[in-house]
Amino acid sequence: MPTPEPVRTDFRPLTQADFAVPAHLLARRLIGCLLLVRDGPDVAGGIIVETEAYLGIHDRASHAFAGRRTARNQSMYGPPGLAYVYFTYGMHHCLNVVCADVNVPAAVLIRAIQPTVGLHLMQTRRQGPLPERRLCAGPGRLCQALGISLVDDGRRFGGSRSRLSVGMPDVKMDNSRAIRTTRIGVDYAGSWASRPLRWVLAGSPWLSRSPHS
DNA sequence: TTGCAGATCATCT
DNA sequence: GATGATCTGCAAG
């Protein structure tokens with residue numbers, strides 16, 4: 001019989017102004033923030049420990065490279081503070097936070113969280129039991145654990161009663177250990193592949209991959 | 001611990 | 001028809 005954890009909703013949600021910054025700044029800012037996803041009475045989420053910035057039309061690794069605008073990526077062109085959720089490899093969803101400005105297709109991919117809220121629910125969704133460090137370590141795993149799918153594409157990150165919310169916890173994690181590394185899985189992107197646009201909380205056991213592997 | 005192959009399908013060319 | 005902002009299990013070292 002699992003012990004229910006307290007549901008923490010005591011945090012300051014980020015506002016549209018917080019999201020209206022370039023992706024590399026938001027990627028840094030999100031490290032240490034709390035991400036929560038509600039599903040009726042259920043809540044799941046945790047502390048963001050790994051992000052990647054996708055800068056826009058000049059970023060070869062971005063879905064919006066060269067101004068590409070399709071049915072899939074149109075959320076990227078929306079106002080800051082939307083979710084851009086896409087489906088890939090035939091089985092995985094990935095969650096991004098749209099930032100910058102309307103018609104500027106920049107976004108931050110959430111790659112890993114330290115799960116803190118709704119652990120039992122996340123284990124169920126992931127068909128666990130799994131070691132906690134594998135529960136939300138990777139963009140696909142994270143979406144599965146949080147129950148995120150294409151129905152969340154274009155949804156707004158709102159206040160603590162919204163389905164999606166992200167914000168500063170009342171006791172903010174020390175993110176002075178946030179460091180930059182290169183992004184994962186974008187080897188095809190030429191010189192953009194070697195740009196340090198991935199942020200991780202150094203030494204965190206919850207990362208999808210260590211910075212030096 | 002590391003590396004590879006297979007799964008599986010929306011999206012784009 | 002090819003590909004991918006991935007994950008998993010298994011085999012090899």
Side-chain angles (χ1 to χ4, degrees), chain A residues 22-28 30-31 35 46 48-78 82-100 104-113 115 122-155 157 164 166 180-200 203 205-213:
Chain A
H24 64 283
L25 294 183
L26 183 63
R28 170 72 168 79
L30 286 178
I31 299 294
L35 170 67
I48 297 171
V49 296
E50 181 177 344
T51 60
E52 283 182 1
Y54 287 84
L55 301 189
I57 62 173
H58 302 298
D59 181 351
R60 206 169 193 91
S62 169
H63 289 169
F65 174 64
R68 199 167 275 130
R69 187 169 190 165
T70 66
R72 176 172 70 156
N73 71 7
Q74 63 179 339
S75 295
M76 294 185 84
Y77 289 82
L82 294 189
Y84 167 43
V85 179
Y86 65 90
F87 184 71
T88 190
Y89 290 99
M91 60 187 82
H92 298 296
H93 293 92
C94 296
L95 171 66
N96 296 252
V97 182
V98 175
C99 61
V104 177
V108 175
L109 172 67
I110 310 296
R111 287 192 55 91
I113 65 173
M122 290 192 278
Q123 287 283 5
T124 301
R125 285 175 175 151
R126 294 269 292 128
Q127 299 170 0
L130 294 167
E132 253 184 52
R133 64 172 52 198
R134 290 182 56 205
L135 202 51
C136 299
R141 293 168 173 172
L142 178 142
C143 283
Q144 187 181 10
L146 296 181
I148 288 171
S149 69
L150 289 179
V151 303
D152 294 302
D153 183 41
R155 201 186 290 273
F157 282 91
L164 304 178
V166 60
R180 292 198 295 176
T181 71
T182 54
R183 294 176 292 187
I184 306 288
V186 296
D187 294 342
Y188 59 87
S191 64
W192 284 89
S194 57
R195 292 226 186 175
L197 293 171
R198 171 177 173 239
W199 284 94
V200 303
W206 314 98
L207 304 179
S208 65
R209 299 192 205 175
S210 87
H212 303 295
S213 65

Check the distance between [N]'s [atom2] and [X]'s [atom1] and give it to me in whole angstrom.
X         : N      : atom1 : atom2 : result
Leu55(A)  : dA5(C) : CG    : P     : 15 Å
Arg209(A) : dA5(C) : CZ    : C1'   : 11 Å
Ile184(A) : dT6(C) : CD1   : C1'   : 11 Å
Met76(A)  : dA5(C) : CE    : P     : 11 Å
Leu135(A) : dC7(C) : CG    : P     : 13 Å

What stems show up for DNA chain C when you take Watson-Crick pairs (N1-N3 plus N6-O4 or O6-N4) and G-U wobbles (N1-O2, O6-N3), both under 3.5 Å, and require three or more consecutive pairs? B:1-7 with C:6-12, B:9-12 with C:1-4

For [X], which residues count as a side chain to side chain contact (heavy atoms under 4.5 Å, CB included) partner, sequence neighbours excluded?
X         : value
Glu132(A) : Leu119(A), Trp206(A)
Ala100(A) : Val104(A), Ala106(A)
Pro22(A)  : His24(A), Leu25(A)

Can you tell me which residue pairs pass the side-chain hydrogen bond (donor to acceptor under 3.5 Å, both in side chains) test with a partner in residues 82-98 of chain A, sequence neighbours excluded? His63(A)-Tyr84(A)

Any base atoms under 4.0 Å from Arg111(A), or only sugar-phosphate, or nothing? Heavy atoms, all strands. sugar-phosphate

Just checking Arg60(A): base, sugar-phosphate only, or nothing, at a heavy-atom cut-off of under 4.0 Å? nothing

Using a cut-off of less than 4.0 Å, is there contact between a side-chain N or O of Tyr84(A) and OP1 or OP2 of dA5(C)? no

Identify each donor-acceptor pair in which a side-chain atom of residues 133-144 of chain A lies under 3.5 Å from a protein atom, sequence neighbours left out, and give them as a table.
unit_1	atom_1	unit_2	atom_2	d
Arg141(A)	NH1	Ala137(A)	O	2.8
Gln144(A)	OE1	Arg126(A)	NH1	2.9
Gln144(A)	NE2	Arg125(A)	O	3.4

Under the salt bridge (charged side-chain N to carboxylate O under 4.0 Å, His left out) rule, what pairs show up with a residue in residues 59-77 of chain A, not counting sequence neighbours? Asp59(A)-Arg183(A)

Extract from the structure each pairing of a protein N or O with an N or O of nucleotides 7-11 of chain B at less than 3.5 Å, listing the distance.
unit_1	atom_1	unit_2	atom_2	d
dT8(B)	O2	Tyr89(A)	O	2.7
dC9(B)	O2	Gly90(A)	N	3.4

Let me know, please, whether His63(A) or Leu130(A) comes out on the 5' side of the other along DNA chain C by nearest nucleotide. His63(A)

Protein-nucleotides 9-13 of chain C N/O pairs under 3.5 Å:
none

Salt bridge (Lys or Arg N to Asp or Glu O under 4.0 Å) involving Asp152(A) - partner list, sequence neighbours excluded: Arg155(A), Arg163(A)

